[in-house]
Amino acid sequence: MPFVNLYFAPALLLLVLACPQVSHSLPVTSKEPMNDSCVLYAWTLLHNITNALTQKNLFRGFDCAEQSMELNMETNTASVCSPQESTCSGIVKSKFDRESCLTNIGEDLHHYYKFLASQPDPDSLLGPTVLSSLRELMENCFRWSLPTDVASEEAAAELHQSTFDGRLSLCKVLKGFHVRTITINRVIVYMNSAEHTK
């Protein structure tokens, strides 16, 4: 897997630098298809979460890989965003509800952003990577989902010490966010392909 990451990272960077339509993205509206830059922002977020889950300093005192995950149960992203004609849930879905899917993804991103922004990050293992790439995805593709009180949450996080229970909770939530981000990546690629409009 590391070989694949090394192979694709320079290619994606070259794509961003060479293609003005990718590097200058516009916010997604209900009338526009998901654009290539949203695919890239979502992939970058997934890549950064995957790397964060391997950081030993972030999860001192336990093995994060052995922990269970905690998903945001306030949304229905996985079911609402399943492609039309899919039979994953045992029920054939005849129509893809794009608006509902985008709403659920935005609510997920909002939830995880608020959680991550409130976490202590003394070693800067989350802020410059996961939180930054999450903010880029939200600013460029889900602008309406950005929290309005981010600065106060980030300031409050700096005052808190990292505790064992806090790191354990972060591990479980980050693992859940990793799984949800895989779903979000697949959905963004699906919408970018315009397959749902056929």
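Both backbone and side-chain heavy atoms feed into the values below; hydrogens, waters and symmetry mates do not. The first residue in the sequence is number 1, and the count goes up from there.
Using the six-membered ring where Trp is involved, Tyr112 and Phe177 have ring planes that are parallel, under 30° apart on the 30 and 60° scheme. Ring pair Phe59/Phe62 is tilted by interplanar angle, where 30° to 60° counts as tilted.
The CG atom of Leu109 sits 11.0 Å away from atom NE2 of His111, with the distance rounded to the nearest 0.5 Å. Here the straight-line distance linking atom CG of Leu58 with atom CG of Asn51 works out to 12.0 Å at 0.5 Å rounding. The CG atom of Leu40 sits 11.5 Å away from the NE2 atom of His47 when rounded to the nearest 0.5 Å. Rounding to the nearest 0.5 Å gives a distance of 10.5 Å between SG of Cys141 and CD1 of Ile105. Considering CG of Leu125 and CD of Gln119, their distance stands at 13.0 Å, rounded to 0.5 Å. Here CG of Asn185 is found 9.5 Å from CH2 of Trp43. Values are rounded to the nearest 0.5 Å.
Summarising the geometry of Pro128 relative to Asp121, their closest heavy-atom pair is CD-OD2, 4.3 Å, with the distance given to 0.1 Å. Considering every non-hydrogen atom in both Leu102 and Trp144, the closest pair reads O-CZ2, 3.4 Å. Here the closest non-hydrogen pair linking Val80 and Ser100 is CG1-OG, 3.1 Å. The nearest pair of heavy atoms linking Ala52 to Leu126 is CB-CD2, 4.4 Å. Closest approach of Val187 and Cys81 over heavy atoms only: CG2-CB, 3.4 Å. Summarising the geometry of Ile188 relative to Ala42, their closest heavy-atom pair is CD1-CB, 3.7 Å, with the distance given to 0.1 Å.
Sorted by first then second residue, the salt bridge (charged side-chain N to carboxylate O under 4.0 Å, His left out) pairs that include residues 101-110, not counting sequence neighbours, are Asp108-Arg180.
For the pair Thr75/Thr103, no side-chain contact is recorded, criterion being any heavy-atom separation below 4.5 Å from C-beta on. Side-chain contact between Phe96 and Pro83 is absent, with no heavy atoms from C-beta onward closer than 4.5 Å. Side-chain contact check for Met138 versus Tyr41: every heavy-atom pair is 4.5 Å or farther apart.
The closest donor-acceptor contact from the side chain of Arg135 to the backbone of Leu131 lies at 3.5 Å or more, if one exists at all. Panel note: side chain Asn76, backbone Ser79; no donor-acceptor pair is recorded below 3.5 Å.
For the residue pair Asn192/Asp36, the side-chain donor-acceptor check at 3.5 Å is satisfied.
For His178, the side chain to side chain contact (heavy atoms under 4.5 Å, CB included) partners at least two apart in sequence or on another chain are Leu46, Ile49, Thr50, Leu53, Ile182.
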May I have the list of side-chain donor-acceptor pairs in residues 164-175 shorter than 3.5 Å, sequence neighbours left out?
unit_1 : atom_1 : unit_2 : atom_2 : d
Arg167 : NE     : Arg60  : O      : 3.1
Arg167 : NH1    : Thr163 : O      : 3.4
Arg167 : NH2    : Arg60  : O      : 3.0
Lys175 : NZ     : Cys64  : O      : 3.3
Lys175 : NZ     : Ala65  : O      : 3.2
Lys175 : NZ     : Gln67  : O      : 2.4

